[in-house]
Amino acid sequence: ILVLLLSVLIFSNRDRLSFSSVKNWVEYGVLNKESEQKFPVSTEGDVINNGNFSRVQRDLVYASDTRFAILNNYGRTVYENSQAYLNPVLSRAADSDLSLVYNLGATGYSIYNLESTIFSGEAEDNIVVADISKSGTYALVTEKDGYLSKLYVYKEDNREKPYYAYSFADYYITSVSLDSDGNTALLTGLSAHEGNQISCVYVLDFNKEEPLVFKEFEDNIFYYADHLTNNNVCIIGESATYTFNMFTK
């Protein structure tokens with residue numbers, strides 16, 4: 001019984017028992033190590049746009065126009081990397097230490113964990129939106145000559161060549177969300193017909209050619225899409241919000 005209770009306790013506090021969390025607790029909590037950096041932390045000189053600030057376990061991450069940085073829960077910078085993105089956007093993988101930062105309207109992007117820069121690359125065309133999953137699979141939606149948008153999906157073991165691609169001829173893609181396993185993508189799009197705005201939802205399975213789901217919605221603009229679970233998703237629009245199961249017709 002004690003072993004079982006201990007196992008449950010460890011599992012429920014696994015984010016606090018990571019190497020970086022334990023190290024920080026020993027250095028600054030037990031040994032009372034003095035740090036030249038502590039809260040409140042100044043970001044003078046950095047421009048941090050709305051949404052480019054998040055939490056990873058007990059650490060804080062942010063992306064500015066000059067750097068990507070990680071602060072521990074005592075306010076000390078534990079990792080930072082200089083970048084020169086004019087319009088940086090931070091995308092976080094839920095329940096993971098992975099972050100993707102891309103340069104909106106340009107081609108550059110970088111992938112980080114809590115300790116290093118994993119990868120930095122250039123998309124073929126200007127990036128519109130992007131997302132990364134817990135599995136390390138990530139998606140870039142770009143502009144593309146001859147189409148309104150194009151989706152590229154890359155696996156963790158081969159970031160040089162797309163694992164999957166899909167072209168959109170009728171809709172401009174406005175958001176993308178990957179499931180935690182990196183097997184499906186939820187996307188929203190925007191177009192116009194006879195003066196009316198039309199939004200749509202795509203669910204793409206990377207092992208199938210045709211979309212699993214395609215729905216159109218009149219007189220609404222979709223801004224944000226996200227996975228609630230691997231099957232249930234949420235779409236946030238200007239005039240309404242929708243939730244549905246991807247595998248229910």
Side-chain angles (χ1 to χ4, degrees), residues 89 91-94 98 100-111 119 121-193 197-218 220-237 242-249:
V89 179
S91 177
R92 286 275 307 114
L98 294 176
L100 184 151
V101 179
Y102 63 94
N103 196 4
L104 178 64
T107 59
Y109 68 96
S110 298
I111 300 172
F119 181 77
E122 297 286 334
E124 293 186 16
D125 298 284
N126 292 339
I127 302 171
V128 179
V129 291
D131 192 33
I132 188 169
S133 72
K134 182 179 180 179
S135 69
T137 299
Y138 63 96
L140 306 176
V141 178
T142 72
E143 301 171 352
K144 188 65 178 178
D145 290 341
Y147 296 95
L148 299 186
S149 303
K150 186 160 185 176
L151 168 71
Y152 297 94
V153 179
Y154 298 84
K155 288 284 190 179
E156 183 180 22
D157 57 359
N158 187 359
R159 298 187 177 97
E160 301 295 337
K161 183 178 180 181
Y163 162 73
Y164 175 90
Y166 191 92
S167 300
F168 301 88
D170 301 317
Y171 285 88
Y172 292 98
I173 298 303
T174 56
S175 66
V176 60
S177 172
L178 298 179
D179 72 307
S180 61
D181 296 325
N183 295 323
T184 62
L186 168 70
L187 304 102
T188 61
L190 180 65
S191 187
H193 179 66
Q197 294 174 330
I198 301 176
S199 288
C200 74
V201 174
Y202 291 90
V203 176
L204 301 177
D205 185 326
F206 303 147
N207 295 311
K208 301 181 184 299
E209 292 186 4
E210 297 298 322
L212 287 179
V213 176
F214 175 73
K215 297 176 182 286
E216 293 183 311
F217 301 80
E218 294 185 358
N220 200 354
I221 300 176
F222 290 149
Y223 297 114
Y224 182 74
D226 198 9
H227 284 77
L228 303 178
T229 65
N230 272 356
N231 293 339
N232 297 308
V233 297
C234 176
I235 307 295
I236 298 176
Y242 304 87
T243 59
F244 61 92
N245 188 296
M246 294 189 299
F247 301 103
T248 300
K249 297 297 184 181

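Side chains included, hydrogens not; waters and symmetry mates left out as well; all remaining heavy atoms used.
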If you measure from [atom1] on [X] to [atom2] on [Y], what distance do you get to the nearest 0.5 Å?
{"X": "Phe214", "Y": "Leu187", "atom1": "CZ", "atom2": "CG", "answer": "11.5 Å"}
{"X": "Asn126", "Y": "Leu140", "atom1": "CG", "atom2": "CG", "answer": "12.0 Å"}
{"X": "Asp226", "Y": "Asp179", "atom1": "CG", "atom2": "CG", "answer": "11.5 Å"}
{"X": "Asn183", "Y": "Thr137", "atom1": "CG", "atom2": "OG1", "answer": "7.5 Å"}

Over all heavy atoms of both residues, which pair between [X] and [Y] is shortest? Give the atoms and the distance, please.
{"X": "Gly108", "Y": "Ile127", "result": "O-CD1, 3.8 Å"}
{"X": "Ser177", "Y": "Asp131", "result": "CA-OD2, 3.3 Å"}
{"X": "Leu100", "Y": "Ala130", "result": "CD2-CB, 4.0 Å"}
{"X": "Glu216", "Y": "Ile198", "result": "CB-CG2, 4.3 Å"}
{"X": "Leu98", "Y": "Lys134", "result": "CD1-O, 3.9 Å"}

Among all residues two or more places apart in sequence or in another chain, which pass the side-chain contact (heavy atoms from CB on, under 4.5 Å) test with [X]?
{"X": "Ala225", "answer": "Ser175, Leu186, Thr188, Ile235"}
{"X": "Ile221", "answer": "Leu190, Gln197, Tyr223, Glu238"}
{"X": "Ala165", "answer": "Lys150, Tyr152"}
{"X": "Ser191", "answer": "Tyr171"}

Hey, can you pull the donor-acceptor pairs under 3.5 Å for the side chains in residues 200-208, sequence neighbours left out?
residue : atom : partner : partner atom : Å
Asp205  : OD1  : Asn207  : N            : 2.9
Asn207  : OD1  : Tyr163  : OH           : 3.2

Mind checking what makes side chain to side chain donor-acceptor pair (under 3.5 Å) contact with [X], not counting sequence neighbours?
{"X": "Thr107", "result": "Glu122"}
{"X": "Ser149", "result": "none"}
{"X": "Tyr172", "result": "none"}
{"X": "Tyr164", "result": "none"}

Any side-chain heavy-atom pair from [X] and [Y] closer than 4.5 angstrom?
{"X": "Ile173", "Y": "Val128", "answer": "no"}
{"X": "Tyr242", "Y": "Asn220", "answer": "yes"}
{"X": "Tyr138", "Y": "Phe119", "answer": "yes"}

For Tyr166, all residues meeting ring-ring contact (aromatic ring centres under 6.0 Å, His included), sequence neighbours excluded: Phe168
Residues which pass salt bridge (Lys or Arg N to Asp or Glu O under 4.0 Å) with Glu124, listed by chain and number, not counting sequence neighbours: Lys144
Geometric class of the Phe217/Phe222 ring pair [parallel <30°, tilted 30-60°, perpendicular >60°]: perpendicular
Contact list for residues 155-171, test salt bridge (charged side-chain N to carboxylate O under 4.0 Å, His left out), sequence neighbours left out: none
